[in-house]
Amino acid sequence: MTRNPSYWLMKSEPDVFSIQDLKACHVTGWDGVRNYQARNYLRDGLKVGDGVLFYNSNTHLSGISGLAEVVKGGYPDDTAFDPKDVHYDPKSRTDHPIWYRVDVKFVRAFRSVIPIQTLRKTPGLKNMVLFRNARLSVQPVTKREWEIILRLAEKAQNPTVQKPRSPQ
DNA sequence: GCCAACGTTGGC
DNA sequence: GCCAACGTTGGC
């Protein structure tokens, strides 16, 4: 029995890991998340086939830069076990992992980023978790929000044809 | 680089 | 278990 896909938004600082980086490596483990609410989504919420909006955070052009898809559901984030890793957390042990990750694959990079200002003013997106809980780096997106954003992306790919100026 | 929002830590 | 202090996130 398969369930309908769910939709998510995942933040990344593009200076650290961008949609182009994901395109280059095809699949990546989304590791290093150290927030309990985001952890719960990674561990229990994200399932194979779910859609992911790739969000650029903390950069000069914050917004959605492309799409990804979950290819492996939650499993322990082993960067927490490695004392040399920046995300090391001694409280997380192999027999009692605290932190989880998923694997996502590249789907598409938008030709241009959909800026947060556009999202904010688009009808139907006002209640996105992005605006209600700005600091959550893994967050659910409704089917309706997902569809609205895909339409914005299409519009950006295929801008309305300008009427040609009549010759003088 | 500033600073508001907010999650976490730790003293009590 | 309260809450002040502190650290981090992230838009601007």
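Side-chain atoms are counted along with the backbone in the values below, which use heavy atoms only and exclude waters and symmetry mates. Below, chains carry the letters A, B, ... as their sequence lines are ordered, and counting in each starts from 1.
Rounded to whole Å, atom P of C:dT9 lies 14 Å from atom CG of A:Asp15. Separating the CE atom of A:Met128 from the C1' atom of C:dG11 is a distance of 15 Å, rounded to the nearest angstrom. The interatomic distance linking A:Leu119 (CG) with C:dC12 (P) rounds to 11 Å, in whole Å. Distance, A:Leu136 CG to C:dG10 P: 9 Å, rounded to whole Å. Computed from coordinates, the A:His87 NE2 to C:dT8 P distance equals 13 Å when rounded to whole Å. As rounded to whole Å, 12 Å separates atom C1' of C:dG11 from atom CG of A:Leu61. Rounded to whole Å, atom C1' of B:dG1 lies 12 Å from atom CG of A:Asn58. Taking atom CD of A:Glu13 as the reference point, atom P of C:dT9 lies 7 Å away to the nearest angstrom.
Here A:Phe131 lies out of heavy-atom contact (under 4.0 Å) with every strand. Backbone-only contact: A:Arg120 has heavy atoms under 4.0 Å from sugar-phosphate atoms and none from a base.
In this model, the phosphate group of C:dT9 is not approached by any side-chain N or O of A:Tyr55 to a distance below 4.0 Å at OP1 or OP2. Remark: A:Arg132 is not in phosphate contact with B:dA5, judged by side-chain N or O atoms under 4.0 Å from OP1 or OP2. OP1 or OP2 of C:dG10 has at least one side-chain nitrogen or oxygen of A:Ser57 nearer than 4.0 Å. At C:dG10, one or more side-chain N or O atoms of A:Lys11 fall inside 4.0 Å of OP1 or OP2 (strictly under the cut-off).
Of the inter-residue distances, the one linking A:Leu67 atom CG with A:Ile149 atom CD1 reads 9.5 Å to the nearest 0.5 angstrom. The distance from atom CH2 of A:Trp8 to atom CG of A:Leu53, rounded to the nearest 0.5 Å, is 12.0 Å.
Side chain of A:Gln117, nearest nucleotide from C:dC12, C:dG11, C:dG10: C:dC12. Of the candidates C:dG10, C:dC12, B:dG7, B:dG7 carries the atom nearest the A:Asn133 side chain, counting heavy atoms from C-beta on. Candidate nucleotides B:dT9, B:dT8, C:dG10 were compared by shortest atom distance to the side chain of A:Tyr36, and B:dT8 ranks first. Across B:dC6, C:dG11, C:dG10, the shortest atom-to-atom separation from the side chain of A:Arg135 is found for B:dC6.
Classification of the A:Phe17-A:Phe54 ring pair by plane angle, with boundaries at 30° and 60°, yields tilted.
Results of the side chain to side chain contact (heavy atoms under 4.5 Å, CB included) test with A:Asp82 over A:Val86, A:Asp85, A:Thr79, A:Asp78 single out A:Asp85 as the only residue that passes.
For the pair A:Lys84 and A:Tyr88, the cation-pi test (distance below 6.0 Å, angle within 45°) is failed.
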